[in-house]
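The structure appears below as structure tokens.
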Amino acid sequence: IEVMCEKIAVPFPTQICIDTNVNASAGAIRGLSSLHKGQLRLTIGLLFLLGLNVRELSAILAHELGHFAQPSAMKAYYLVHSINYWFDNRAHAPDPLDERLQEWSEQADWNIAIVISIFLAQQSILLIRLLFSFLYHLNYRLTQYMSRSMEYDADSYSSRFVGSEVVAQTFAKIKKYANANCEAEKINLTAWNDERLLANLPLATVQMEDQNKETLAQFKQSIKNSKTSTLDSHPSENDRIKQLNNTAHRGIFSSQAP
């Protein structure tokens, strides 16, 4: 990872964490302050270390490290996402004032002027909630567009390091492992009911993938049929491959070692 950061000119992560997810991620250690200080965390799914060769693993890591080269975008995304959460909360979360106005409206001893005032206050709050709801959905779409743009940019780091063809091939492998992981988790759920658990979930997922009757070609076909929605935080693998094909980098790292 040190060599990779040097070759693609990105900051070295402050922390490197391992988990059992079929995923890898890049982000701040503690929110906006960590982004400002450049304190970044790289999280790697242990399954990738077991099931991929070094070049395929590097394709995933180079993509995540590519996000480290987006400090301004990461800060902006964090701020916009936080504002969007506030909009969503104001638009849809219950509020004590709503409950208080409802209680007051049900009291029979109010005169007509007070009842009308309460009704107008309720309608005003409803209009404000509708405004916040509109801002939430608008902001959400803009946020997702920004997120997809960041993903395309991170893919460019991956393709420059290992080559566009390897990145595209890795998408299909990840999809196949994600499918196998669902099967392994079902087995683990049954084991939980029997007061037992799989000793090694990532290894079990790799073994389930070996038993999977669906071939890599079938997953590649499903990728070709995938489409990007305006509400998706990530572009579809098909759109990402098209973007990679426009540049067609050969890459500088070619090791196929386990």
Side-chain angles (χ1 to χ4, degrees), residues 1-81 146-178 202 206 233-235 237 239-258:
I1 291 174
E2 285 180 352
V3 172
M4 193 183 301
C5 289
E6 180 184 346
K7 295 295 183 184
I8 61 178
V10 299
F12 187 76
T14 307
Q15 288 183 355
I16 301 175
C17 300
I18 303 292
D19 64 18
T20 60
N21 295 320
V22 189
N23 196 14
S25 62
I29 294 176
R30 295 183 193 87
L32 191 60
S33 62
S34 294
L35 284 175
H36 183 69
K37 295 174 184 176
Q39 297 174 338
L40 303 169
R41 176 191 290 123
L42 172 66
T43 303
I44 308 168
L46 182 59
L47 182 140
F48 293 146
L49 303 178
L50 298 173
L52 302 178
N53 65 36
V54 175
R55 195 176 185 189
E56 292 164 340
L57 174 64
S58 297
I60 294 171
L61 297 186
H63 171 92
E64 299 306 334
L65 292 171
H67 287 304
F68 290 178
Q70 304 166 339
S72 298
M74 290 179 75
K75 290 175 190 175
Y77 184 81
Y78 183 89
L79 283 171
V80 173
H81 187 73
M146 180 181 182
S147 176
R148 292 194 297 272
S149 298
M150 291 169 68
E151 292 301 316
Y152 284 130
D153 182 65
D155 280 345
S156 70
Y157 286 86
S158 187
S159 64
R160 291 203 303 270
F161 191 70
V162 301
S164 303
E165 187 177 337
V166 175
V167 178
Q169 174 186 315
T170 306
F171 289 153
K173 280 206 167 185
I174 293 173
K175 207 170 184 68
K176 191 173 183 184
Y177 280 129
V206 172
S233 62
H234 287 53
E237 290 94 343
D239 287 342
R240 291 169 73 176
I241 290 171
K242 287 178 182 177
Q243 185 78 3
L244 290 168
N245 290 339
N246 290 335
T247 53
H249 289 291
R250 295 182 61 186
I252 60 173
F253 184 71
S254 57
S255 173
Q256 302 288 347

4.5 Å side-chain heavy-atom contact, [X] and [Y]:
X	Y	value
Phe253	Val54	yes
Thr14	Leu42	no
Gln243	Asp155	no
Leu65	Phe161	no
Ile1	Ile44	yes
Tyr152	Asp239	yes

Determine yes or no for a side-chain-to-main-chain donor-acceptor pair under 3.5 angstrom, with [X] supplying the side chain and [Y] the backbone.
X	Y	answer
Thr43	Ala24	no
Ser158	Ala62	no
Arg55	Val162	yes
Tyr157	Ile8	no
Glu64	Leu61	no
Asp19	Asn21	yes
Arg160	His249	no

Hey, what do you get for [atom1] ([X]) to [atom2] ([Y]), rounding to the nearest 0.5 Å?
X	Y	atom1	atom2	result
Asn245	Glu165	CG	CD	9.5 Å
Ile60	Asn23	CD1	CG	8.5 Å
Gln39	Ser33	CD	OG	7.0 Å
Tyr177	Leu50	OH	CG	8.5 Å

Quick one about Asp153 and Gln70 (side-chain donor to acceptor, distance below 3.5 Å, no hydrogens or angles considered), yes or no? yes
Above 12 or not: heavy atoms from other molecules or residues under 6.0 Å from CD of Gln256? yes
For Phe68 and Gly27, work out which heavy atoms get closest and say how close. CE2-N, 4.2 Å
Over 60° means perpendicular and under 30° means parallel, so tell me whether His63 and His67 are parallel, tilted or perpendicular. perpendicular
